[in-house]
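Take a look at the structure set out below.
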Amino acid sequence: MRQALVAGNWKMHGSRSSVDELLKALLGGSLPSQVEVAVCPTYVHLAQALALCAGTSVAVGAQDCSHMQAGAFTGEVAPAMLVDQGCDWVILGHSERRQYHAESDDLVSAKLAAAVEAGLSPIVCVGETREQREAGEAEAVVGAQLQGALSGHASLAGLVVAYEPVWAIGTGLTASPEQAQEMHAFIRGQLAGIGEIEADATRILYGGSVKPGNAAELFAKDDIDGALVGGAALVAQDFLAIINAAA
Ligand code: PEP
């Protein structure tokens, strides 16, 4: 039995006051114990989020990390530093990092190794563009991303994969529950063929315009174990409704 996980990717949003307001509203809401919840603010808001979430059931993660643990890497943040601050999670290979920072599968793989070595739980994102889906290449693209990022690691216990079709992120378009389930089943099949990964125990999240109105039908599918939520995670009542739909 895989425990549902709902993680909020706040992207480059927030201020001291909005983080305070959002987290107080979230922590004051109904958080079902069967659903694991994480929020991933920007680096500069991590300490504030960690302080507010300390002693609660809401975990905190980062949206990225370096592939190195220390050194002359200006602007980077090491996974060991995130652990030292108290973070549990890190998102890796988000499509916006792949698109705007030219992150390759090799780099995602190196970041994954460093994150796991430091003790972070990774959420590795994969997903095809609209052009790739229309060309019938969705499975080939996602399969290659999985192989590129996940193969060759000695141990990936605790790995979470997020399927985020690029055409559904921040667009209001959502994969239908059937489209999402089909890809999640494909991903689980691929995971079964990769080294040490326990495919049946690995949680696969769906991400891409998840809202209170579509969450329950997505979560009803066998291979959808929760969600990585962008825009709706910035509105406490919406994020709470999505969390409760996963219960
Ligand atoms: C995301 O960026 O991970 C995401 C799923 O965004 P949104 O929910 O806004 O589509």
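As the structure is a prediction and not an experimental result, all values here were calculated from the model. For ligands, and for the atoms within them, numbers begin at 1 and follow the listed sequence.
No hydrogens or angles considered: nothing links the side chains of Gln145 and Asp105 as a donor-acceptor pair under 3.5 Å.
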Check residues 60-73 and write down every donor-acceptor pair under 3.5 Å in which the side-chain atom is one partner and the other belongs to a residue at least two apart or another chain.
residue: Gln63; atom: NE2; partner: Lys11; partner atom: O; Å: 2.9
residue: Gln63; atom: NE2; partner: Cys40; partner atom: O; Å: 3.0
residue: Gln63; atom: NE2; partner: Pro41; partner atom: O; Å: 3.3
residue: Asp64; atom: OD1; partner: Lys111; partner atom: NZ; Å: 2.8
residue: Asp64; atom: OD2; partner: Arg97; partner atom: NE; Å: 3.2
residue: Asp64; atom: OD2; partner: Arg97; partner atom: NH2; Å: 3.4
residue: Asp64; atom: OD2; partner: Lys111; partner atom: NZ; Å: 3.2
residue: Ser66; atom: OG; partner: Met68; partner atom: N; Å: 2.9
residue: Ser66; atom: OG; partner: Met68; partner atom: O; Å: 3.4
residue: Gln69; atom: OE1; partner: Ala80; partner atom: N; Å: 3.1
residue: Gln69; atom: NE2; partner: Ala114; partner atom: O; Å: 3.0
residue: Gln69; atom: NE2; partner: Glu117; partner atom: OE1; Å: 3.1

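For Glu76, the CD atom sits in a packed shell: over 12 heavy atoms of surrounding residues, nucleotides or ligands are nearer than 6.0 Å. More than 12 heavy-atom neighbours from other residues, nucleotides or ligands sit within 6.0 angstrom of CD on Gln179.
Listed by chain and residue number, the protein contacts of ligand 1 are Asn9, Lys11, His94, Glu164, Ala168, Ile169, Gly170, Gly207, Gly208, Ser209, Leu228, Val229, Gly230, Gly231 (heavy atom within 4.0 angstrom).
Residues passing the side-chain hydrogen bond (donor to acceptor under 3.5 Å, both in side chains) test with Glu128, sequence neighbours excluded: Arg133, Tyr163, Trp167.
Listed by first and then second residue, the salt bridge (charged side-chain N to carboxylate O under 4.0 Å, His left out) pairs that reach into residues 225-247 are Arg2-Asp225, Arg188-Asp225, sequence neighbours excluded.
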